[in-house]
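See below for the structure under consideration.
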Amino acid sequence: MGSTNGYDALLVVSFGGPEKPEDVMPFLENVVRGRGVPRERLLEVEAHYQRFGGVSPINRQCRDLIAALDVDLPVYWGNRNWHPFLEDTVRRMKEDGVRKAAAFVTAAYSSYSSCRQYLDDIARARAAVPGAPEIVKLRHYYDHPGFIAAMADHTREALDRLPADTREQARLVFTAHSIPVSMARTAGPAGGAYEAQLRRAAELVTAHVDEGRAWDLVWQSRSGPPQVPWLEPDVCDHLEALHAEGVRSAVLVPIGFVSDHMEVVYDLDVEAAATAEKLGMALTRASTAGTHPRFVSMVGELLAEPEPTPCAATCCPAPVRPAQRPDR
């Protein structure tokens, strides 16, 4: 078995997604287990998936990424919420004799949902498999040149798809998954890291594409109750505000995602596109990093870096949900 920087395997860890209509509701129940999400909300989101045949693009994109990787290690794949489940994959790794694996997570930023929750899931999977290999999560890569180059190329391609007479003044609208404000405040070792890292990534991509071009960072895919503050503005609300300011064209850049989740193809390609059409605004959407050659090569570069320092136990703490509050 090959070795890279002390690792004898690479584990790709992702969110997971349904691959046929009957998978959708069991998958969604896995995602929201213990969160008290109303059945009505699950049925609403299920309809989004069924619009696309009950298939999320994320699993296919994970397979494509794994096929594109050029690393001198066996590559495994485990998901948080759907097959192949992380625990099953860790068990197979143990049976195969893996001793120490690097984990590449398909989330680039610091927050509970994009970092700590993956660490917790890895820990639970290892605890369920006696003799499980050591698993080291690779560092956040939001500012890695490979990720930035991939997103810059895709943003240029999206700009080129706009009508020629609208390109020069087109606004870059970077989007990321909204999270509760309370979670954003505690993201990273000192708080605020999720927003700060996203802004840094947006700045770097813009500098590669057109340093003087106007850009914004907005949010999408809110799923929480209305009384809980989440990061704003929503992308559709922002398009309406831009239109009111006289902006007539924009490129949506899903900087918060590394592959096409359902949130990308529904919230941007359906809902945001419908908003732009209603407004008469020219709109295109940049691809996610996917299997861009620089993003693929980035994974090997991360493997060759010194082993990252583990996150402190207090970093990106789990959110306190209403049912968990000590005064309830």
Side-chain angles (χ1 to χ4, degrees), residues 11-17 26-39 41-42 45 58 78-82 85-90 101-129 132 134-142 176-199 219-232 256-258 261-263 308-328:
L11 171 63
V12 175
V13 185
S14 195
F15 190 80
F27 160 74
L28 292 175
E29 289 170 345
N30 283 340
V31 172
V32 304
R33 182 171 288 119
R35 292 171 51 187
V37 175
R39 186 72 175 179
R41 175 58 182 164
L42 289 184
V45 177
I58 190 172
N79 289 326
R80 283 174 46 189
N81 299 298
W82 201 245
F85 284 111
L86 187 56
E87 181 180 325
D88 296 336
T89 300
V90 170
F104 174 77
V105 172
T106 59
Y109 302 92
S110 298
S111 77
Y112 170 73
S113 57
S114 59
C115 183
R116 173 60 60 187
Q117 198 168 9
Y118 282 101
L119 289 170
D120 290 347
D121 288 339
I122 290 170
R124 274 193 293 272
R126 293 187 66 244
V129 179
E134 179 184 359
I135 298 175
V136 178
K137 180 181 177 294
L138 297 174
R139 71 169 174 91
H140 301 123
Y141 48 86
Y142 65 92
H177 206 301
S178 184
I179 61 174
V181 170
S182 59
M183 187 189 296
R185 287 174 178 162
T186 59
Y194 183 64
E195 292 175 271
Q197 291 171 0
L198 283 158
R199 290 191 182 282
W219 311 97
Q220 61 172 90
S221 313
R222 177 195 168 117
S223 60
Q227 67 271 22
V228 177
W230 282 50
L231 295 176
E232 295 179 336
F257 305 85
V258 303
H261 296 213
M262 184 55 61
E263 290 89 343
T309 303
C311 294
T314 55
C315 187
C316 299
V320 177
R321 306 189 194 283
Q324 299 173 305
R325 290 176 184 162
D327 60 338
R328 295 289 179 93

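The shown structure was predicted, so the numbers you read here are calculated from the model rather than taken from an experiment. Just so it is clear, the values below take in all heavy atoms, side chains as well, and ignore hydrogens, waters and symmetry mates. Position 1 is the first residue of the sequence, and the numbers go up from there.
- With sequence neighbours excluded, no residue forms a ring pair (Phe, Tyr, Trp, His ring centres under 6.0 Å) with F15.
- With sequence neighbours excluded, the residues forming a ring pair (Phe, Tyr, Trp, His ring centres under 6.0 Å) with H261 are F257, listed by chain and number.
- Qualifying side chain to side chain donor-acceptor pair (under 3.5 Å) partners for D120, counting only residues two or more places apart in sequence or in other chains: none.
- A heavy-atom distance below 4.5 Å is not found between the side chains of V13 and T106.
- Judged purely by atom type and a 3.5 angstrom limit, W219 uses its side chain to pair as donor or acceptor with the backbone of E232.
- Using a 4.5 Å cut-off on side-chain heavy atoms (C-beta onward), Y112 and I179 make no contact.
- Classification of the W230-H177 ring pair by plane angle, with boundaries at 30° and 60°, yields tilted.
- Here L198 contributes atom CG and L231 contributes atom CG; the two are 9.0 Å apart, rounded to the nearest 0.5 Å.
- Without hydrogens or angle criteria, N30 side chain to N81 main chain gives a donor-acceptor distance under 3.5 Å.
- Partners of C311 under the side chain to side chain contact (heavy atoms under 4.5 Å, CB included) rule, at least two apart in sequence or in another chain, are C115, R116, L119, C315.
- By the 4.0 Å N-to-carboxylate-O rule, R80 lies too far from E87 to be salt-bridged with it.
- For the atom pair CZ of R124 and CG of L86, the computed distance is 9.5 Å after rounding to the nearest 0.5 Å.
- Y194 is not listed as a side-chain neighbour of S110, based on a closest heavy-atom distance of 4.5 Å or more.
- Not a single donor-acceptor pair under 3.5 Å links the side chain of S178 to the backbone N or O of Q220.
- Qualifying side chain to side chain donor-acceptor pair (under 3.5 Å) partners for T186, counting only residues two or more places apart in sequence or in other chains: none.
- With sequence neighbours left out, R139 forms a side chain to side chain donor-acceptor pair (under 3.5 Å) with E305.
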